Amino acid sequence: MKRQHIISSFMLLMLTLAGLSGCTAIDEIDDGRITDKDVFSNPKKVAGYLNYCYANLTGRGDVLQNNTLMAAFCDEAFDVLNLQNGIAFQWGNGQATAFSNPVSSPEWWGTCYEGIRKCNKFLANIDDAVTYDEMERESFRAQAYGLRAYYYLNLIKNFGGVPLLLDNTGIDFDYAGLRRASFSDCARQIISDCEKVLDVPDTNIKLTWFSGTTDNERSRFSKGMACAIMSEAALYAASPLNNDGTFTWAMAAEVTGRALSLAKAHGYALFKTKPEGQEALNAYDLYFTTRSDVGGITDTETIMEARNQLAIWLYSGLPIISGQIKAGACPSQELVDCYETKSGVRPILGYSDEQHLQPILNPEAKDYNEQRPYDNRDPRLEATIYHHNSLFTLDGKIKVDTRPTGACAPSATSIRNTRTGYYLRKFNSNRSDRTANYDGYYKIFRLAELYLNHAEALNEASEGTTPQEALDAINEVRSRVDMPPIGMGISVDEFRERVRNERRVEFAFEEQRFYDVRRWKTLNDDKVLTGIEVIPGRLGRVTYKRILIDDNRKANTDKYLRLPIPGGEANRLKSRTGIDFQNPGW
């Protein structure tokens, strides 16, 4: 069946049937298509239709046009395709419209609603369908509920509250009565669907806590995914952008706490495997170049992983890599500034000028040196970003050289060279090149997010000082890279800044920042991006100078807090309902 938007396809079908009603009768001739009865009376075809419900899962990570990373759509990075009016440059310059949205590729609205339509049809038929046994029926039903929750989560993250379609919509469905549900109502529905997954007894071996037991079952829905989806939905519903007073931070703390506790109780734990030899810098570094194993035997952190391998070396790599095409999304100086020193304090507190060229140094950061800015920093910095003098091969034989004469020097005219003075290391194996790809896989959900979701929700639900449970959650994440714990007695306001920065560092280039700055309503801060220039001196010494990359970013007003509903869809909805469904400003 050709994929179409759920609303568009059914409206077109209704109009077609109305047009045929006055025509001469046509003999009924079998056209070879099978009926719903044929599908749901055959156990193999029932399983096949469930697979059809999975078909709308997007890979995420590098699925945008020209393999552009979402980090370039916020203050994490600047994309080198500015030279070719690339999609990140279009977005940053305010060129997006409801009819041409560079962020939405593949187009989330139609893709997700198509998946929801399939899930609804499956759920309407599964109770009476023929399956091999009741355990399979129970598992299939739960998977469809979980997939529907995932599709709705992606919709509300991008568009806010959306119409909730929960039944098997046929050609007689009255779209004139369609309305947008509130974000909170959508979140409650998502959580309800996830609870149906978790209600399945653990004795059902066909619905496990980890995804699948064979490679063919990767991305098969699991109870761990249900925990991750409900945790994120609750956090977003309580956040400033979406909080309407009906979904409180206390409710979010309860949901995120339950999700975290269940996941931990059923085998999930942070990936802390130490690398052997020279394959990685530390466990955090190794994690992002290691594919998860089915069943969570060695990788107990990954909850949901994209099916397609990343090719960071090719599309966001260094010019010294054989076969590299472009430098892609180059990390910003603003991101680098967020990494604490090893003593646990941020060296840069902000900027005294609008162009971010005058950093405000933290007097408490005694172990920070402006002319050796990468020494004594949070180990996640080295594991995420290549900077001047970074080790490319861990034996020290090849280092990254971004001096003007260096092999990795910045360039304003070449797409193979960085704009900011930095390159992306995360997900990127130094063994990858044109002969073989050893890069990692994008992690859609992982346990570290559940820890930080709960820490944030607990803190916001508290008054005065941050509760110990929130401190324990954030400190568990920090302990993996031996960062000092955040101590007791910290205020709610202080912890808010700490946990937001922790998310920025822990989830760099994982598509969290784009949504975090929106739900926090801090998007207005994303106006300037800077980089670093390495200036050679005597005896091989260098100095560092901050440089302005872009101070004319326009996608930071309230209009950009939500993506536009596709223009054609919004027009059709208004025509049928008389209501403007479009998000403000679009």
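Because the structure is a prediction, the values reported are computed rather than measured. Throughout, residue positions are numbered sequentially from 1 according to the sequence presented.
Sorted by first and then second residue, the ring pair (Phe, Tyr, Trp, His ring centres under 6.0 Å) pairs with a member in residues 507-531 form an empty list; sequence neighbours excluded. Among residues at least two apart or in separate chains, ring pair (Phe, Tyr, Trp, His ring centres under 6.0 Å) pairs with a member in residues 281-314 are Phe271-Tyr287, Tyr284-Phe288, Phe288-Phe427. For residues 255-275, the salt bridge (Lys or Arg N to Asp or Glu O under 4.0 Å) pairs, not counting sequence neighbours, are Glu195-Arg258, Lys272-Glu476. Residue pairs satisfying the salt bridge (Lys or Arg N to Asp or Glu O under 4.0 Å) criterion with at least one member in residues 295-304, sequence neighbours excluded, are listed as follows: Glu301-Arg446, Glu301-Arg480. Sorted by first and then second residue, the salt bridge (Lys or Arg N to Asp or Glu O under 4.0 Å) pairs with a member in residues 550-566 read Asp526-Arg553; sequence neighbours excluded.
In terms of the salt bridge (charged side-chain N to carboxylate O under 4.0 Å, His left out) criterion, Glu382 has no residue partners (sequence neighbours excluded). A search for side chain to side chain donor-acceptor pair (under 3.5 Å) contacts involving Tyr438 returns nothing, not counting sequence neighbours. By the ring pair (Phe, Tyr, Trp, His ring centres under 6.0 Å) test, Trp586 pairs with Tyr560, sequence neighbours left out. Residues passing the salt bridge (charged side-chain N to carboxylate O under 4.0 Å, His left out) test with Glu340, sequence neighbours excluded: Arg478, Arg498. In this view, Arg513 and Asp75 satisfy the salt bridge (charged side-chain N to carboxylate O under 4.0 Å, His left out) rule, not counting sequence neighbours. In this view, Asp285 and Arg425 satisfy the salt bridge (charged side-chain N to carboxylate O under 4.0 Å, His left out) rule, not counting sequence neighbours. Thr214 meets the side chain to side chain donor-acceptor pair (under 3.5 Å) test with no other residue; sequence neighbours excluded.
In this model, a donor atom of one side chain and an acceptor atom of the other lie less than 3.5 Å apart for Thr466 and Asn459. Judged by distance alone, the side chains of Tyr422 and Gln333 do bring a donor and an acceptor atom under 3.5 Å apart. Under 3.5 Å, the side chains of Arg518 and Asn158 contain no donor-acceptor pair of N or O atoms. In this model, no donor atom of one side chain and acceptor atom of the other lie less than 3.5 Å apart for Thr256 and Asn453. Neither side chain, Tyr351 nor Glu334, offers a donor N or O lying under 3.5 Å from an acceptor on the other.
Atom CD of Glu511 sits about 7.0 Å away from atom CG of Leu64, to the nearest 0.5 Å. Rounding to the nearest 0.5 Å places NZ of Lys223 at 9.5 Å from CG of Leu262. Rounded to the nearest 0.5 angstrom, Leu147 CG and Cys119 SG are separated by 5.0 Å. Here the straight-line distance linking atom SG of Cys74 with atom CG of Asp525 works out to 12.5 Å at 0.5 Å rounding. Going from atom CG of Asp79 over to atom OG1 of Thr420 covers 11.0 Å, rounded to the nearest 0.5 Å. Residue Phe445 holds its CZ atom at 9.0 Å from CG of Leu450, rounded to the nearest 0.5 Å.
Taking the side chain as every heavy atom from C-beta outward, Thr384 and Pro331 never approach each other to under 4.5 Å. Looking at heavy atoms from C-beta onward, Arg377 lies in side-chain contact with Pro347 at the 4.5 angstrom threshold. Ile486 is listed as a side-chain neighbour of Asn475, based on a closest heavy-atom distance under 4.5 Å. Counting heavy atoms from C-beta on, the side chains of Asn428 and Tyr423 never come closer than 4.5 Å. No side-chain heavy atom of Pro102 sits under 4.5 Å from any side-chain heavy atom of Gln65. Counting heavy atoms from C-beta on, the side chains of Gln324 and Pro319 come closer than 4.5 Å. Looking at Ile415 and Leu81, their side chains come closer than 4.5 Å, going by heavy atoms from C-beta outward. Within the 4.5 Å cutoff, the side chain of Tyr236 has heavy atoms near those of the Asp516 side chain.
For Cys408 against Ile320, the heavy-atom pair with the smallest separation is SG-CG2, 3.9 Å. Taking each heavy atom of Ile474 and Val499 in turn, the nearest pair found is CD1-CA, 3.9 Å. Closest approach of Ile229 to Cys194, counting heavy atoms only: CG2-SG, 3.7 Å. Ala473 and Ala455 make their closest contact through CB-CB, 3.9 Å (heavy atoms, listed as atom of the first residue, atom of the second, distance). Minimum interatomic distance between Ser432 and Asn437 (heavy atoms only, all atoms of both residues): OG-OD1, 3.5 Å. Taking all atoms of both residues into account, the shortest heavy-atom contact from Asn583 to Leu563 is ND2-O, 2.7 Å.
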* Given Trp209 and Cys227, is the side chain to side chain contact (heavy atoms under 4.5 Å, CB included) satisfied, shown in steps? -> CA-CA 10 Å; Trp209 276 90; Cys227 288; 3.6 Å; yes
* To do: Determine, stepwise, if the pair Gln189 / Cys186 fulfils side chain to side chain contact (heavy atoms under 4.5 Å, CB included).
  => CA-CA 5 Å; Gln189 182 60 50; Cys186 292; 5.7 Å; no
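In this structure, the side chain of Asn56 engages the main chain of Thr111 through a donor-acceptor pair within 3.5 Å. The backbone N or O of Arg220 sits nowhere less than 3.5 Å from a side-chain atom of Glu217 that would complete a donor-acceptor pair. Listed for the Glu305 side chain is a donor-acceptor partner under 3.5 Å among the backbone atoms of Ser292. No donor-acceptor pair under 3.5 Å is formed between the side chain of Gln90 and the backbone N or O of Ala96. Between the Gln84 side chain and the Gly86 main chain, no donor and acceptor come within less than 3.5 Å of each other. Of the possible polar contacts, none joining the Ser239 side chain to the Leu241 backbone as a donor-acceptor pair under 3.5 Å is found. The closest donor-acceptor contact from the side chain of Ser211 to the backbone of Ser222 lies at 3.5 Å or more, if one exists at all. No donor-acceptor pair under 3.5 Å is formed between the side chain of Ser316 and the backbone N or O of Ile312. Under the 3.5 Å distance criterion, the side-chain polar atoms of Glu279 are matched with a main-chain donor or acceptor of Glu276. In this structure a side-chain-to-backbone donor-acceptor pair under 3.5 Å is missing from Asn242 to Ala237.
Taking a 6.0 Å sphere around CD of Glu254, one finds it holds 12 or fewer heavy atoms contributed by other residues, nucleotides or ligands.
Checked against Arg346 for a side-chain hydrogen bond (donor to acceptor under 3.5 Å, both in side chains), the options Asn362, Asp337, Asn501, Asp378 give a single hit: Asn501. Between Glu510 and the options Arg380, Lys426, Lys443, a salt bridge (Lys or Arg N to Asp or Glu O under 4.0 Å) holds for only Lys426.
For Phe221 and Tyr54, the gap between ring centers reaches or exceeds 6.0 Å.
Using a 4.0 Å cut-off between a side-chain N of Lys or Arg and a carboxylate O of Asp or Glu, Arg519 and Glu456 qualify as a salt bridge.
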